[in-house]
Amino acid sequence: MNKFPSKETVERLRNRYPAGTRVELVSMNDPYTTLRPGDRGAIEFFDDTGTAFVKWDNGSGLGLVYGEDSFRRVEKEIKYETGADFWRDTAVSHGLDEARVICGNYLATQLKLKQPDDEHKFCRELFSAIYEASAGTADPVRLVYPHSFEDANNRLETSYFHASRERNGECSRDIDAAIDGSCYERYRYNLDLAAMKVLHEYGFERVQAVLMHNIYTHEYDGRYSDSNKQWAQGFHLPEGAFQSAYMNAHPILLEDFTKRTRELYEELGAERFALPGREESGAIVRGYEITRSVFFDDRRGFAIGHNPDAPSPFVCWRFTTENGKRDFYWGTYAGDLKGAADNYTARVIVHLSGGDVKEIPNPPAAAEMTAEQNGNMIDGARNKEQPSEPTTAEREFAAWMAVTENSRHRWVEDDIYRLNGRGALYYTGGEDGTYIRIQSDGVLEAGTYEGAVPHIGEAMFRPAVEQRFNNFSDAMTAAMEAGGRRFLIDMFSAAEHLATEQAARRAYENPRGEKPSVLKRLREAQRAPKPPRKGKTPGKSRGDVEI
């Protein structure tokens with residue numbers, strides 16, 4: 001137990017470090033703190049136990065315990081000439097993630113202050129530097145799920161639709177709070193800074209979408225300008241995704257806030273950051289030039305390709321990397337850029353939400369590849385003159401194909417759907433066929449699907465029947481009755497399940513369907529158990545051959 005300091009010691013600390021004194025952390029005896037040596041803040045007060053309460057620059061309010069933690073007075077702090085210098089130094093000292101928090105909190109502290117012109121310029125420079133460095137980062141908080149609920153349901157992605165809708169509601173409430181908090185004196189607001197604060201947190205895409213929704217649904221209100229009304233009408237918003245994104249701010253304030261947001265967008269050229277990842281050029285995949293890509297630390301990524309001469313000019317690919325080579329597969333084609341971009345965004349959101357993955361800023365581009373690598377990366381179509389080992393992408397694709405093909409004449413359960421806690425999904429018919437889907441809340445749905453290659457999760461579902469039951473068990477009972485004898489046999493036959501697993505395993509181990517050599521087949525035949533001859537005991541005979 002810590003020994004509390006005497007009253008004299010506490011008074012001496014208060015005199016030596018009066019309120020407002022700038023201090024720097026040397027060490028802290030707390031394994032769970034996010035503070036680290038070098039972090040700075042301002043003393044607020046000392047309590048009677050000698051604990052110093054500090055308002056840290058990174059937003060923390062953790063106190064410094066006398067006798068446990070160590071700090072020092074900052075005698076002279078660096079005076080940054082520009083906001084860009086402040087961002088650059090903070091990013092170098094603390095890393096990008098922490099720098100965004102520290103600089104974002106600095107912007108927030110300026111909200112209630114009457115800003116002179118030089119301070120306002122400093123804040124705009126800081127915001128521009130933050131956004132330039134981090135706007136293209138793949139972040140689910142900033143990415144708006146692009147599809148309607150109906151499309152999300154067909155793609156088995158309703159959870160991502162709901163999560164995005166909740167963030168739209170949070171964004172609208174934070175806009176209200178930022179506008180209200182920017183009132184530094186009666187009827188005077190720092191709306192430009194309020195816009196920076198919210199954009200720093202949610203990104204242009206989500207903030208603009210929320211503003212568009214609110215202005216569009218109040219187009220009859222004469223307090224909104226024609227310019228903002230026309231702007232709000234020019235964008236497609238996913239149906240039903242903004243039902244809880246209504247704001248309470250006064251229309252005149254919201255009108256001015258929207259103008260400031262649009263000005264910042266134009267000033268930064270933020271259309272460059274409308275999609276996650278980075279622009280690129282040079283890599284050609286089946287006639288499509290890769291124009292944008294995003295890559296993650298699990299060696300997977302997504303890319304958009306463009307071929308103006310193709311029937312479907314745009315495509316969204318998935319790719320994996322091995323030894324610096326990218327293998328593209330699982331392409332979804334679209335007639336326009338928006339279709340490909342929406343698919344790209346949705347797949348990135350799903351991938352980020354599916355596990356602990358982080359974006360790697362610089363994916364391997366075609367310019368960094370040798371001619372051999374670039375020639376051998378297209379959709380698994382390897383150069384025959386340069387044979388190579390099957391990649392992970394080829395193995396996964398072949399295994400998925402084997403499972404899908406196995407469903408052509410029998411009912412198959414999709415394990416991924418059940419493991420994700422969504423319920424149960426059964427299908428039959430191969431690439432196109434019939435499905436029965438039982439959601440965890442007791443909704444039974446049946447219909448047809450098409451395009452289940454390489455996996456049922458990519459299929460387009462067309463429901464024909466939908467019925468709600470009291471629970472999952474009742475819905476499963478109804479599914480068994482509807483599926484009949486064939487359904488029951490397929491679902492509860494261990495032999496059938498074993499055949500599916502074996503087919504997938506064989507495809508994974510030999511994705512190209514290559515026949516084993518004669519020597520290998522002889523060895524496998526030799527290892528296989530042989531039935532004993534009549535009148536003989538099992539064992540070697542003259543006809544046996546050692547290989």
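One-based numbering along the sequence shown. No experiment lies behind these values; they were computed from the predicted model shown.
Using a 4.0 Å cut-off between charged nitrogen and carboxylate oxygen, Arg167 and Glu170 do not count as a salt-bridge pair. Taking 4.0 Å as the cut-off between side-chain N and carboxylate O, Asp327 and Arg318 do not count as a salt-bridged pair. With respect to the salt-bridge test (charged N to carboxylate O, under 4.0 angstrom), the residues Asp117 and Lys121 do not qualify. Look at Lys338 and Asp336 and you find no salt bridge, because none of the NZ, NE, NH1 or NH2 atoms lies under 4.0 Å from a carboxylate O. Ionic pairing of Arg72 and Glu24 is present here: one or more N-O contacts between side-chain nitrogen and carboxylate oxygen are shorter than 4.0 angstrom.
Put simply, the side chain of Ser293 never gets that close to the backbone of Ala303: no donor and acceptor are under 3.5 Å apart. Between the side chain of Arg73 and the backbone N or O of Arg16, at least one donor-acceptor pair lies under 3.5 Å. Within the 3.5 Å criterion, the main-chain N or O of Ala245 finds a donor-acceptor partner in the side chain of Asn214. When atom types are taken as modelled, the side chain of Asp256 and the backbone of Ile252 share no donor-acceptor pair closer than 3.5 angstrom. Of the possible polar contacts, none joining the Arg347 side chain to the Trp317 backbone as a donor-acceptor pair under 3.5 Å is found. A donor-acceptor distance shorter than 3.5 angstrom exists from the side chain of Glu289 to the backbone of Gly282, with no hydrogens or angles considered. Between the side chain of Thr9 and the backbone N or O of Pro5, no donor-acceptor pair lies under 3.5 Å. Looking at Asp298, its side chain never comes within 3.5 Å of a backbone N or O of Val357 through a donor-acceptor pair. The backbone N or O of Cys183 sits nowhere less than 3.5 Å from a side-chain atom of Arg188 that would complete a donor-acceptor pair. In this structure a side-chain-to-backbone donor-acceptor pair under 3.5 Å is present from Lys229 to Glu219.
Side chains of Asn190 and Tyr184: a donor-acceptor N/O pair is absent below 3.5 angstrom, by distance only. Remark: the His120 side chain and the Asp192 side chain contain an N/O donor-acceptor pair separated by less than 3.5 Å. Using modelled atom types and a 3.5 Å distance limit, the side chains of Thr82 and Asp85 yield a donor-acceptor pair. Side-chain contact, His147 with Asn154: no donor N or O sits under 3.5 Å from an acceptor N or O. Looking at Thr137 and Asp139, their side chains never bring a donor and an acceptor atom within 3.5 Å of each other.
In this structure, the side chains of Asp39 and Asn58 come closer than 4.5 Å at one or more pairs of heavy atoms. Residues Trp56 and Leu25 are in side-chain contact: their nearest non-hydrogen atoms beyond the backbone lie under 4.5 Å apart. Residues Val54 and Leu62 fail the side-chain proximity criterion, which asks for heavy atoms closer than 4.5 Å. Within the 4.5 Å cutoff, the side chain of Thr90 has no heavy atoms near those of the Asp57 side chain. Residues Phe53 and Ile43 fail the side-chain proximity criterion, which asks for heavy atoms closer than 4.5 Å. At a threshold of 4.5 Å between non-hydrogen side-chain atoms, the residues Glu359 and Val294 count as touching. Counting only heavy atoms from C-beta outward, the side chains of Ile179 and Ile175 approach each other to under 4.5 Å. Residues Tyr17 and Phe71 meet the side-chain proximity criterion, which asks for heavy atoms closer than 4.5 Å.
Contact detail for Asp69 and Gly63: the closest heavy-atom pair is OD2-O, 3.9 Å. In plain terms, the two heavy atoms of Ser164 and Leu143 that are nearest each other are OG-O, 4.3 Å. Between Ser128 and Glu267 the shortest heavy-atom distance is OG-OE2, 4.0 Å. Of all non-hydrogen atoms in Cys316 and Ala340, the two that sit nearest each other are CB-O, 4.0 Å. Minimum heavy-atom separation, Leu193 to Cys123: CD1-CB, 3.9 Å. Taking both residues in full, the closest heavy atoms of Ala42 and Gly20 are given as CB-O, 4.2 Å, listed atom of the first, atom of the second, then distance.
For the side-chain hydrogen bond (donor to acceptor under 3.5 Å, both in side chains) criterion with Ser227, the lone passing option out of Arg262, Lys259, Glu255 is Arg262.
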### Task
Go through the steps to decide whether Thr49 and Asp47 satisfy the test side chain to side chain donor-acceptor pair (under 3.5 Å), and finish with yes or no.
CA-CA 6 Å; Thr49 67; Asp47 67 7; 2.7 Å; yes
### Working for side chain to side chain contact (heavy atoms under 4.5 Å, CB included), residues Leu275 and Val348
CA-CA 10 Å; Leu275 293 172; Val348 169; over 6 Å; no
### Task
Might you work through the side chain to side chain donor-acceptor pair (under 3.5 Å) test for Thr261 and Thr258, ending with a clear yes or no?
CA-CA 5 Å; Thr261 300; Thr258 302; 6.0 Å; no
### Message
Applying salt bridge (Lys or Arg N to Asp or Glu O under 4.0 Å) to Glu322 and Lys325, what does each step give before you reach the verdict?
### Response
CA-CA 5 Å; Glu322 287 190 7; Lys325 295 181 288 187; over 6 Å; no
### Task
Carefully, step by step, assess Asp97 and Lys358 under the rule salt bridge (Lys or Arg N to Asp or Glu O under 4.0 Å).
CA-CA 12 Å; Asp97 291 339; Lys358 293 183 179 180; 5.3 Å; no
### Message
Evaluate Ser244 against Asn168 for side chain to side chain contact (heavy atoms under 4.5 Å, CB included), listing each step before the verdict.
### Response
CA-CA 7 Å; Ser244 60; Asn168 292 335; 5.8 Å; no
### Task
Please assess Leu264 against Phe204 for the test side chain to side chain contact (heavy atoms under 4.5 Å, CB included), listing each intermediate value before the final yes or no.
CA-CA 9 Å; Leu264 287 170; Phe204 274 102; 3.9 Å; yes
### Message
Could you go through Asp151 and Arg155, starting from their C-alpha distance and side-chain angles, then the distance that decides it, and tell me whether this counts as salt bridge (Lys or Arg N to Asp or Glu O under 4.0 Å)?
### Response
CA-CA 6 Å; Asp151 291 339; Arg155 293 169 59 92; over 6 Å; no
### Query
Arg272 and Glu132: salt bridge (Lys or Arg N to Asp or Glu O under 4.0 Å), yes or no, with the steps?
CA-CA 10 Å; Arg272 295 175 297 152; Glu132 187 73 31; 3.0 Å; yes
#### Entry: Steps toward side chain to side chain contact (heavy atoms under 4.5 Å, CB included) verdict (Tyr246, His213)
CA-CA 8 Å; Tyr246 289 101; His213 169 72; 3.5 Å; yes
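Counting non-hydrogen atoms of neighbouring residues, nucleotides and ligands closer than 6.0 angstrom, the CD atom of Glu119 exceeds 12 such neighbours.
Taking CD1 from Ile130 and CZ from Phe86, the interatomic distance works out to 8.5 Å, rounded to the nearest 0.5 Å. In this structure, CH2 on Trp87 lies 8.0 Å from CG on Leu126, to the nearest 0.5 angstrom.
Aromatic rings of His351 and Phe296 (six-membered ring for Trp) have centroids within the 6.0 Å cut-off, being under it. His162 and Phe149 have their aromatic ring centers within a separation under 6.0 angstrom. The distance between the ring centers of Tyr189 and Phe257 does not fall below 6.0 angstrom. Aromatic rings of Phe328 and Tyr288 (six-membered ring for Trp) have centroids beyond the 6.0 Å cut-off, not under it.
For the pair Arg437 and Phe461, the cation sits on the ring face: its NZ or CZ lies under 6.0 Å from the ring centre, inside 45° of the axis. Annotation: cation-pi pair Arg326/Phe319 present, NZ/CZ under 6.0 Å from the ring centroid and within 45° of its normal.
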